[in-house]
Number of protein chains: 2
Amino acid sequence: MNAQPTDASIDTRQRLIEAAILTFAEKGFDGAGIREIALRAKANSALVTYHFSGKEGLYLEALRYIFARKACRVAELATAPALEGPEARKDAIQRLKDHIRAFMQDLMACDPLDPQDPLGEAAMALMAREMQAPRATSSALLMEQIRPHVDHLMQCLQVLRPDLSWGDLLNMGMSIQGQLLYFRNSLGIARLIRSNPNYPEDLEEVIRHFTDFSLRGLGIPEAFPQPRN
Amino acid sequence: MNAQPTDASIDTRQRLIEAAILTFAEKGFDGAGIREIALRAKANSALVTYHFSGKEGLYLEALRYIFARKACRVAELATAPALEGPEARKDAIQRLKDHIRAFMQDLMACDPLDPQDPLGEAAMALMAREMQAPRATSSALLMEQIRPHVDHLMQCLQVLRPDLSWGDLLNMGMSIQGQLLYFRNSLGIARLIRSNPNYPEDLEEVIRHFTDFSLRGLGIPEAFPQPRN
DNA sequence: TCAAGAATTAATCAATCGTTTGAACCAGTC
DNA sequence: GACTGGTTCAAACGATTGATTAATTCTTGA
């Protein structure tokens with residue numbers, strides 16, 4: 001009379017999801033096969049339909065799995081109260097700095113060179129694929145996940161540049177976010193160009209660069225520690 | 001006794017290639033089928049093997065076709081002579097502006113002379129897919145295409161910020177290039193966020209933003225038309 | 001006009017795709 | 001031990017994949 005999922009089945013589900021993340025990230029949705037994923041998870045391919053009602057369902061669960069465990073630092077920031085009072089502007093600058101740091105730390109939380117966590121890179125690669133060519137069934141899922149981060153960033157920008165239109169502010173946000181994500185997605189090339197397989201050796205230095213570049217690009221007077229010349 | 005290709009066959013080849021660009025851009029390499037491509041080109045699917053010796057060959061030819069006729073603006077710039085003389089700094093700023101405009105126009109393939117070219121957008125979407133997840137057989141082709149553009153950008157940055165180390169300059173280049181490529185790679189999400197499937201409606205406005213943001217971020221005094229406040 | 005080669009076609013190939021099936025397995029409950 | 005419901009499995013399903021075949025059409029130089 002028991003209708004509860006078994007511990008063992010939860011294990012199988014998780015193995016399938018993690019194998020799916022790895023395989024989907026490597027080959028894309030169409031390139032990855034059910035049998036290949038199941039083999040990787042040491043499970044039977046029929047279980048994909050049984051547990052997730054098909055390949056598409058497994059893909060969505062893989063995305064949810066990523067969202068549930070990643071991007072936790074930025075998520076914390078997004079719960080901050082509204083910016084108000086005389087200190088609003090100063091707070092906004094600090095909050096923007098925190099946002100960049102948190103986002104970078106989330107992005108790098110799982111280094112692709114780190115053998116401990118191959119899931120990290122795969123998850124980011126899958127996210128990148130999904131952002132570039134959102135699937136019809138998953139774009140809503142992606143949007144609701146990203147929305148709070150966008151809102152948090154935009155809230156800061158709005159305080160810092162109240163003179164700009166919403167479209168211009170979105171452009172600013174896009175430039176800032178773009179630097180960070182591109183940095184993560186092109187780490188391999190960057191390491192080759194610099195002939196330094198360990199780049200970045202000091203993440204703080206990169207965070208400082210992105211912070212300075214973004215604040216200057218944003219056009220905030222107090223953030224111009226004039227370039228040395 | 002004639003062993004020359006027919007005019008008609010060249011036509012068929014071109015129709016297949018262009019249909020391939022459209023379809024590969026929409027669905028990716030694995031998602032697109034040769035029957036679908038052939039149907040779009042109003043040709044027989046067996047001709048894919050006959051003319052290109054297979055699907056992979058058609059894909060490579062599609063990439064070559066793009067390289068041969070698109071992305072020419074940045075390629076032209078990359079042939080410019082070295083920056084010298086008293087005007088070097090002014091020239092470098094202009095050259096950087098031209099680089100951003102040319103790169104953006106190449107990315108979006110919005111040719112004022114050739115408006116509404118569905119092939120252009122598809123071609124760049126295909127490139128974006130390829131840059132994010134390079135296929136083993138085509139990554140070399142892609143690299144040799146991109147390298148000159150990177151070199152050209154770095155040359156400008158070196159003149160504009162001679163006080164910076166090479167590593168810092170690479171960071172600057174990464175920030176600038178990152179904005180542009182991320183913009184292209186995340187068009188899908190950007191359109192969702194803005195609830196505007198036609199974004200960007202005015203490419204010049206986006207180019208202006210990226211130029212301003214980059215020059216300010218770069219920390220060039222003469223590029224600070226102080227933000228209105 | 002006619003043979004030769006290039007180009008195109010419909011039909012078919014083996015392989016693989018995601019999914020379905022039906023039986024087995026493995027807890028627990030009576 | 002019989003029963004139940006969740007879980008797993010090997011086998012097979014129909015559909016579709018890229019590739020191939022052999023016959024046909026088209027083009028062209030002799």
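Order of the sequence lines fixes the chain letters, A, B, ..., with proteins taken first and strands second; residue numbering starts at 1 for each chain. Scope of the values below: all heavy atoms of this structure, side chains included, with no hydrogens, waters or symmetry mates.
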TODO: For nucleotides 10-21 of chain C, just jot down a letter per nucleotide in 5' to 3' order: B, S or -, based on protein non-hydrogen atoms under 4.0 Å.
DONE: B-B----BBBBB

Task: Pairing residues for Ser214(B) by the side chain to side chain contact (heavy atoms under 4.5 Å, CB included) criterion, not counting sequence neighbours - done: Ile100(B), Ile176(B), Gln179(B)

- [ ] For Ser138(A), check side chain to side chain contact (heavy atoms under 4.5 Å, CB included) against everything at least two apart and list the hits.
- [x] Tyr59(A), Leu60(A), Leu63(A), Glu130(A), Arg135(A)

Whole-Å gap separating [atom2] ([N]) and [atom1] ([X]):
X        : N       : atom1 : atom2 : result
Leu47(B) : dT20(D) : CG    : C1'   : 13 Å
His51(A) : dG6(D)  : NE2   : P     : 12 Å
Asp11(A) : dT8(D)  : CG    : C1'   : 14 Å

- [ ] Hey, could you give me each pair passing side chain to side chain donor-acceptor pair (under 3.5 Å) that has a residue in residues 44-55 of chain B? Not counting sequence neighbours.
- [x]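 Output for this query is empty, none listed.
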
List for me each residue that meets side-chain hydrogen bond (donor to acceptor under 3.5 Å, both in side chains) alongside [X], sequence neighbours excluded, and say none if there are none.
X         : answer
Lys27(B)  : Glu36(B)
Arg147(A) : none
Glu204(A) : Arg101(A)

- [ ] May I ask you to verify if any side-chain N or O of Thr12(A) is less than 4.0 angstrom from the OP1 or OP2 atom of dT7(D)?
- [x] no

Open item on the list: What residues from residues 13-22 of chain A pass a heavy-atom cutoff of under 4.0 Å to DNA chain D?
Closed with: none

Open item on the list: If only side-chain N and O atoms count, and only distance matters, is there a donor-acceptor pair under 3.5 Å linking Asp98(B) with Gln94(B)?
Closed with: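 Result is yes, a qualifying pair exists.
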
Would you mind writing out the side-chain donor-acceptor pairs for residues 188-196 of chain B within the sub-3.5 Å range, not counting sequence neighbours?
| residue | atom | partner | partner atom | Å |
| --- | --- | --- | --- | --- |
| Arg191(B) | NE | Pro197(B) | O | 3.3 |
| Arg191(B) | NE | Tyr199(B) | O | 2.7 |
| Arg191(B) | NH2 | Tyr199(B) | O | 3.1 |
| Arg194(B) | NH2 | Asn171(A) | OD1 | 3.1 |
| Arg194(B) | NH2 | Tyr199(B) | OH | 3.3 |
| Asn196(B) | OD1 | Asn198(B) | N | 2.9 |
| Asn196(B) | ND2 | Glu201(B) | OE2 | 3.0 |

